[in-house]
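This chain uses plain numbering: 1 for the first residue, then up along the sequence. Computed from a prediction, not measured in an experiment: that's the story for all the values here.
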Amino acid sequence: MTLAEEIRGRVRRRLVEQRALVSALLELRAQLQGSLLVRYMECGKAACACHGGRKHGPYFVLSNRSGGRGSFAYLDAAEAARARTLVRRYREFRRGLTRLQKVNLDLVSLLRRYQQARLKQTGTRMGLGVASHT
């Protein structure tokens, strides 16, 4: 097997991986950017049990940063469960994009190496010596 054939096989495997990543990203439709926090708080009543360790809560808070400003919203338990799923999807999407960028960079590198191997192969067959293109 020539170097060009080996590289061609690697390109094909990367293309399969690329397609799978894109397909998986497209499945993560509904998303929510932010962080979901659970807070327990003390109230202002001096005689309340919350000052002795049994704090009020849980309170679910969705925190988000947009345009350099932070915001938050209190959610009930059902909303928090849905938000948790959507925030997880957002993070999965971001990780998938990062992986896709790496695969794409690897593809470009492999294709350049393939081109160089083919140029070298063609030049040798034609009796021209080694082609030196970058």
Side-chain angles (χ1 to χ4, degrees):
M1 178 184 289
T2 68
L3 177 60
E5 290 168 338
E6 177 194 333
I7 294 171
R8 189 178 175 137
R10 290 179 62 193
V11 166
R12 289 178 191 262
R13 288 189 296 275
R14 281 291 190 237
L15 285 170
V16 168
E17 184 179 0
Q18 181 191 53
R19 283 187 201 106
L21 279 167
V22 169
S23 179
L25 288 171
L26 291 174
E27 290 300 313
L28 298 171
R29 290 182 185 104
Q31 303 172 26
L32 186 60
Q33 182 178 0
S35 297
L36 187 62
L37 312 167
V38 180
R39 295 184 65 186
Y40 292 86
M41 301 167 63
E42 293 180 2
C43 69
K45 298 178 186 172
C48 186
C50 68
H51 296 289
R54 291 195 62 208
K55 296 184 180 183
H56 298 285
Y59 296 107
F60 302 99
V61 181
L62 179 64
S63 174
N64 192 352
R65 183 167 289 283
S66 177
R69 296 180 54 111
S71 66
F72 66 92
Y74 284 95
L75 308 175
D76 63 31
E79 291 171 327
R82 178 77 174 132
R84 188 173 288 114
T85 299
L86 297 176
V87 167
R88 180 183 44 79
R89 283 185 189 166
Y90 176 80
R91 291 182 180 156
E92 286 177 21
F93 192 89
R94 295 291 301 249
R95 283 191 298 270
L97 280 180
T98 299
R99 179 68 188 137
L100 183 60
Q101 286 176 322
K102 289 177 184 175
V103 168
N104 287 342
L105 286 172
D106 194 31
L107 270 169
V108 169
S109 174
L110 284 168
L111 288 169
R112 284 185 177 140
R113 288 179 51 206
Y114 176 77
Q115 181 186 35
Q116 289 301 312
R118 293 298 293 167
L119 286 170
K120 186 175 184 181
Q121 201 174 41
T122 303
T124 302
R125 270 193 264 158
M126 294 182 72
L128 301 173
V130 177
S132 59
H133 300 296
T134 28

Could you pull out every donor-acceptor pair under 3.5 Å between side chains of residues 69-77 and any protein atom, sequence neighbours left out?
{"from": "Asp76", "atom 1": "OD1", "to": "Ala78", "atom 2": "N", "distance (Å)": "3.1"}
{"from": "Asp76", "atom 1": "OD1", "to": "Glu79", "atom 2": "N", "distance (Å)": "2.7"}

Handout entry: Of all pairs that satisfy side-chain hydrogen bond (donor to acceptor under 3.5 Å, both in side chains), the ones with a partner from residues 99-110, not counting sequence neighbours
Key = Arg14-Asp106, Glu17-Arg99, Gln18-Asn104

Exercise for the section: May I ask whether Val38 and Leu36 are part of the same hydrophobic cluster, defined by side-chain heavy atoms of I, L, V, M, F, W, Y residues being less than 4.5 angstrom apart, directly or through others? Expected result: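 Looking at the clustering, Leu36 is in the same group as Val38.
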
Run the side-chain contact (heavy atoms from CB on, under 4.5 Å) test against [X] and tell me which residues pass, sequence neighbours left out.
X: Arg8; answer: Arg12, Tyr114
X: Arg88; answer: Thr85, Glu92
X: Arg65; answer: none

For a 4.5 angstrom cut-off between non-hydrogen side-chain atoms, does [X] reach [Y]?
X: Arg89; Y: Leu86; value: yes
X: Leu62; Y: Val87; value: yes
X: Leu111; Y: Val11; value: yes

Would you be so kind as to tabulate the donor-acceptor pairs closer than 3.5 Å made by side chains of residues 19-35, with sequence neighbours excluded?
{"from": "Gln31", "atom 1": "NE2", "to": "Leu28", "atom 2": "O", "distance (Å)": "2.7"}
{"from": "Ser35", "atom 1": "OG", "to": "Arg91", "atom 2": "NH2", "distance (Å)": "3.2"}

Exercise for the section: Any chance you could measure Ile7, atom CD1, to Arg113, atom CZ, to the nearest 0.5 Å? Expected result: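 Nearest 0.5 Å value for the CD1-CZ distance: 4.5 Å.
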
Practice task
Kindly compute the distance separating CG (Leu107) from CZ (Arg13), expressed to the nearest 0.5 Å.
Solution key: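 Rounded to the nearest 0.5 Å, the CG-CZ separation comes out at 11.5 Å.
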
Practice task
Would you sort out whether Lys55 and Glu42 count as a side-chain contact (heavy atoms from CB on, under 4.5 Å), showing the intermediate values?
Solution key: CA-CA 5 Å; Lys55 296 184 180 183; Glu42 293 180 2; 3.6 Å; yes

Exercise for the section: Hey, could you give me each pair passing ring pair (Phe, Tyr, Trp, His ring centres under 6.0 Å) that has a residue in residues 11-67? Not counting sequence neighbours. Expected result: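 Checked against ring pair (Phe, Tyr, Trp, His ring centres under 6.0 Å) - neighbours excluded - no pair reaches residues 11-67.
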
Handout entry: Remaining members of hydrophobic cluster (4.5 Å side-chain criterion), Tyr90
Key = none

Problem - Pair Arg118-Gln121, side-chain donor/acceptor within less than 3.5 Å - result: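 On atom types as modelled, these side chains qualify, holding a pair under 3.5 Å.
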
Practice task
Specify the closest pair of heavy atoms between Cys50 and Cys43, including all atoms of both residues, with the distance to one decimal.
Solution key: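 Minimum heavy-atom contact is SG-N, 3.2 Å.
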
